[in-house]
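Note on naming: letters A, B, ... go to the chains in the order of the sequence lines (proteins, then strands), and numbering restarts at 1 for each one.
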Protein chains: 4
Amino acid sequence: MTRDEILEKALDIVRDEGYDMLTISTLAESLGVKKASLYYYFSSKDEMIAALYESFSARLLHMGFRMDFSKSAIEILTETFEHWKGIFISKSLSSGLSLIEQRKEIDERAYEISNSLELMFRSQSDAVMENLVSRGHFRNVDPKIVAELFASAAIVRLRSERSEEDDRRFLNSFAELFLST
Amino acid sequence: MTRDEILEKALDIVRDEGYDMLTISTLAESLGVKKASLYYYFSSKDEMIAALYESFSARLLHMGFRMDFSKSAIEILTETFEHWKGIFISKSLSSGLSLIEQRKEIDERAYEISNSLELMFRSQSDAVMENLVSRGHFRNVDPKIVAELFASAAIVRLRSERSEEDDRRFLNSFAELFLST
Amino acid sequence: MTRDEILEKALDIVRDEGYDMLTISTLAESLGVKKASLYYYFSSKDEMIAALYESFSARLLHMGFRMDFSKSAIEILTETFEHWKGIFISKSLSSGLSLIEQRKEIDERAYEISNSLELMFRSQSDAVMENLVSRGHFRNVDPKIVAELFASAAIVRLRSERSEEDDRRFLNSFAELFLST
Amino acid sequence: MTRDEILEKALDIVRDEGYDMLTISTLAESLGVKKASLYYYFSSKDEMIAALYESFSARLLHMGFRMDFSKSAIEILTETFEHWKGIFISKSLSSGLSLIEQRKEIDERAYEISNSLELMFRSQSDAVMENLVSRGHFRNVDPKIVAELFASAAIVRLRSERSEEDDRRFLNSFAELFLST
DNA sequence: AATGAATGAGGTTTCATTCAT
DNA sequence: AATGAATGAAACCTCATTCAT
């Protein structure tokens with residue numbers, strides 16, 4: 001058993017059964033190990049949870065956002081959206097997100113990660129919109145507000161798991177709305 | 001002591017200290033009562049929590065949305081936003097919202113309320129945008145997408161408690177973007 | 001509501017759900033009354049239980065045993081057995097018996113009633129056998145031992161609820177064994 | 001501390017203070033352990049009680065009945081009775097019996113053990129009486145009824161703890177009654 | 001005659017944790 | 001590296017009881 005295996009299983013429990021089901025007992029049991037053994041790896045439950053945040057935070061940072069701006073505008077929007085979707089869907093991140101969502105109102109550490117995640121979305125959205133402006137799209141329009149609208153809509157959508165079809169319609173409507181001409 | 005006083009205090013605890021601090025002990029203590037007394041009002045903790053959802057649900061429904069459509073477009077947007085803000089800020093609703101946010105990933109009952117809340121925002125946003133269309137605003141634009149963008153941005157904003165100043169800027173930008181003649 | 005109604009319902013609970021289900025709560029509930037009301041009739045649960053024993057005791061004593069000794073020997077045995085069976089079966093006594101059985105190992109009061117019940121069986125059995133002796137049955141046999149055997153077999157049988165058919169066979173065998181000329 | 005030590009102490013409590021005094025608290029206290037420790041051995045109180053029945057049941061089965069039929073008739077009756085008495089008196093079984101007696105009206109598991117115990121007595125009594133018949137005793141008499149009478153009388157006697165003197169008299173009377181030539 | 005409201009004591013169970021091995 | 005055995009604290013809940021109304 002390794003620290004990482006423990007952390008992974010812990011996140012699985014949080015995602016599948018909720019944060020309050022993440023107890024030393026259930027965690028040990030689902031690892032097929034005795035409770036006391038976990039204390040060899042972590043000196044306390046809280047230290048383990050700190051490691052959980054830590055590792056999720058680190059993994060988020062690795063989700064580098066590198067956009068190929070040679071593509072068409074609609075492709076850029078779509079890929080940005082897909083990039084974000086990847087975070088909500090990837091096995092390795094989605095359960096971390098679930099932890100953050102469940103704890104952000106209560107746990108300072110979760111709150112900060114949640115904030116920085118939203119900031120990340122905003123700044124990536126900003127970057128995208130500024131690029132589109134530089135290519136001559138939406139004349140006379142503040143790209144900041146478009147960026148906010150795009151990021152917000154994406155966040156809300158991704159949280160409520162819409163169908164791919166529905167997401168595609170949204171992206172098309174959004175493009176049509178702002179990129180015309 | 002009344003059932004309502006208990007529920008109110010319970011929500012206070014959820015908002016201020018988190019759902020997992022809502023225990024019969026702490027609740028009784030902060031009401032200045034003995035634990036056993038709570039069982040006179042609720043036959044179990046779960047029944048109490050059900051009542052919590054129930055009462056929040058009921059109060060949400062009472063937040064009827066009636067817009068005075070004789071106002072100017074920017075006023076309508078502003079008041080819609082303020083109406084929603086009222087939900088997030090009002091003493092009587094904000095702590096209920098906190099409960100919903102904390103539990104929606106885990107508790108079916110919270111999940112459903114959260115869903116219906118989002119639906120409410122969407123449909124009110126739809127109504128507003130359709131009215132604006134009927135007044136000649138945003139020609140050639142699908143009001144559905146504008147409605148989604150407005151509602152999403154509002155939800156994200158309200159969750160992260162921006163300054164009034166910042167909200168005003170957002171509303172102005174939004175208006176400028178869509179309502180220009 | 002009267003004391004007797006309470007006592008009756010209490011015995012029903014003991015019989016149907018066991019002594020440990022006889023709580024003030026369940027009792028009040030099945031009487032359609034609030035807990036506090038019971039304290040108008042009994043100053044404590046223990047007093048109520050004392051009344052339970054008392055009333056059962058009294059009812060037992062009223063089960064006077066009067067045998068018509070002009071009948072045939074086999075009829076006398078049968079009627080004696082039926083008389084005892086009446087105690088185990090009668091609505092008004094069987095639930096009291098259930099109380100006694102459940103508590104006799106623990107509660108002195110139940111223990112004494114149980115003892116006196118057994119004594120009653122023994123002495124009635126004695127009386128019957130002595131009468132049969134006086135009529136010339138079982139010559140050279142100590143009626144005491146026959147009485148004990150009859151009473152014991154009856155007690156064991158009645159506790160384990162045999163079929164009527166089976167009881168009849170037993171009585172015939174018993175008669176045949178001892179009454180043969 | 002072992003599971004068996006716990007079970008033994010539990011039975012002691014049941015015998016000495018009654019089933020309703022068998023609480024996790026009192027049990028832990030009389031074992032000189034903390035309540036939580038008991039849950040290392042049993043996952044719930046009910047599981048512990050199941051183990052209680054189980055272990056009593058197992059011990060009963062080990063009370064094999066092997067009679068030396070070369071002995072005299074009166075010796076066989078006496079030893080059979082003593083064998084049964086052993087069950088009611090042995091440190092290891094008597095408290096189990098107390099549990100069964102207290103719970104047989106309420107708890108299915110106790111009820112079944114109680115039944116099988118009575119069956120055991122009956123069948124051993126049957127075996128004894130058939131042997132006596134084969135040796136020429138009680139001619140023209142159904143050994144079944146004699147067996148029932150013997151077993152019943154023994155059960156009633158053992159439950160009410162008569163003196164040895166009294167038991168001896170009973171056995172002699174019984175022998176005299178049935179075994180005469 | 002009956003009850004609404006409250007309580008203290010004690011019930012079973014779960015939790016994170018420790019420590020010798 | 002892992003565990004068996006134990007624990008203190010705290011969780012939820014039930015019990016018999018009281019007392020003013």
Side-chain angles (χ1 to χ4, degrees), chain A residues 1-3 5-6 19-29 31-49, chain B residues 1-3 5-6 19-29 31-49, chain C residues 1-3 5-6 19-29 31-49, chain D residues 1-3 5-6 19-29 31-49:
Chain A
M1 194 173 43
T2 67
R3 269 175 76 103
E5 278 167 33
I6 298 175
Y19 180 84
D20 30 342
M21 269 301 146
L22 177 58
T23 69
I24 298 294
S25 292
T26 59
L27 179 54
E29 199 171 355
L31 282 162
V33 144
K34 297 301 178 227
K35 278 185 296 188
S37 309
L38 297 179
Y39 285 84
Y40 179 78
Y41 296 92
F42 300 98
S43 70
S44 74
K45 186 185 179 185
D46 196 72
E47 197 204 284
M48 191 198 77
I49 284 164
Chain B
M1 192 173 46
T2 67
R3 264 175 81 103
E5 278 166 36
I6 297 175
Y19 180 84
D20 28 341
M21 269 303 142
L22 176 57
T23 70
I24 297 293
S25 295
T26 59
L27 179 55
E29 201 170 354
L31 282 162
V33 200
K34 300 304 175 200
K35 278 183 295 189
S37 308
L38 296 180
Y39 286 86
Y40 178 74
Y41 294 92
F42 301 98
S43 70
S44 72
K45 187 184 178 185
D46 197 73
E47 197 204 283
M48 192 198 76
I49 285 164
Chain C
M1 194 173 44
T2 66
R3 267 175 77 102
E5 277 166 35
I6 298 175
Y19 180 84
D20 28 343
M21 270 302 145
L22 177 58
T23 69
I24 298 294
S25 293
T26 59
L27 180 54
E29 200 171 353
L31 282 163
V33 144
K34 298 301 179 225
K35 275 185 299 188
S37 309
L38 297 179
Y39 285 84
Y40 179 77
Y41 295 92
F42 300 98
S43 69
S44 73
K45 185 184 179 185
D46 196 72
E47 196 203 285
M48 192 198 78
I49 284 164
Chain D
M1 192 172 46
T2 67
R3 265 175 80 103
E5 279 167 34
I6 297 175
Y19 181 84
D20 29 340
M21 270 302 144
L22 177 57
T23 70
I24 297 294
S25 296
T26 59
L27 180 54
E29 199 169 355
L31 282 163
V33 201
K34 301 302 175 202
K35 277 183 296 189
S37 308
L38 297 180
Y39 285 84
Y40 179 74
Y41 295 91
F42 300 98
S43 70
S44 73
K45 186 183 179 184
D46 197 72
E47 196 204 284
M48 191 198 76
I49 284 164

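Residue pairs satisfying the side-chain hydrogen bond (donor to acceptor under 3.5 Å, both in side chains) criterion with at least one member in residues 19-29 of chain B, sequence neighbours excluded, are listed as follows: A:R103-B:D20, B:T23-B:T26. Pairs passing the salt bridge (Lys or Arg N to Asp or Glu O under 4.0 Å) check and including a residue from residues 35-48 of chain D, sequence neighbours excluded, read D:R3-D:E47, D:D46-D:R109.
Between C:M1 and D:T26, the residue anchored closer to the 5' end of DNA chain E is C:M1, taking for each the nucleotide with the nearest heavy atom.
Rounded to an integer number of Å, the gap from OH of D:Y19 to P of E:dG11 is 14 Å. Rounded to whole angstrom, the span from the CD atom of C:E29 across to the P atom of F:dC15 amounts to 10 Å. For the pair D:M21 CE and E:dG10 P, the interatomic distance rounds to 10 Å; values are reported in whole Å. In this structure, D:M48 atom CE and E:dT12 atom P are separated by 9 Å, rounded to whole Å. In this structure, B:F42 atom CZ and F:dT14 atom C1' are separated by 18 Å, rounded to whole Å. Atom CG of C:L38 and atom P of E:dG4 are 13 Å apart (whole Å). A straight line from CD1 of A:I49 to P of E:dC15 spans 13 Å, rounded to a whole angstrom. Atom NZ of D:K34 is separated from atom C1' of E:dT13 by 17 Å (rounded to the nearest Å).
With hydrogens and angles disregarded, a donor-acceptor distance shorter than 3.5 Å links the side chain of A:Y41 to the backbone of A:M1.
Residues passing the side chain to side chain contact (heavy atoms under 4.5 Å, CB included) test with C:K34 are C:S37, sequence neighbours excluded.
You'll find the side chain of A:I24 reaches within 4.5 Å of the side chain of A:Y39, heavy atoms only. You'll find the side chain of C:M21 stays beyond 4.5 Å of the side chain of C:L27, heavy atoms only. Two residues are said to be in side-chain contact when any heavy atoms from C-beta on lie closer than 4.5 Å; D:L38 and D:L31 meet this criterion. In this structure, A:V33 and A:E5 have side chains that are not in contact, with every pair of non-hydrogen atoms separated by 4.5 Å or more.
Proximity of D:Y41 to the phosphate of F:dA6: a side-chain N or O atom is located under 4.0 Å from OP1 or OP2. Close to F:dA6, at under 4.0 Å from its OP1 or OP2, lies no side-chain N or O of D:Y40.
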Heavy-atom protein contacts under 4.0 Å, nucleotides 16-21 of chain E, coded B base, S sugar-phosphate only, - none: BBBB--
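Considering CZ of C:F42 and CD1 of C:I6, their distance stands at 5.0 Å, rounded to 0.5 Å.
Stretches of at least 3 consecutive Watson-Crick or G-U wobble pairs, with each checked distance under 3.5 Å, appear in DNA chain E as E:2-21 with F:2-21.
The side chain of B:S37 sits closest to E:dA6 out of E:dA6, F:dT7, F:dT3.
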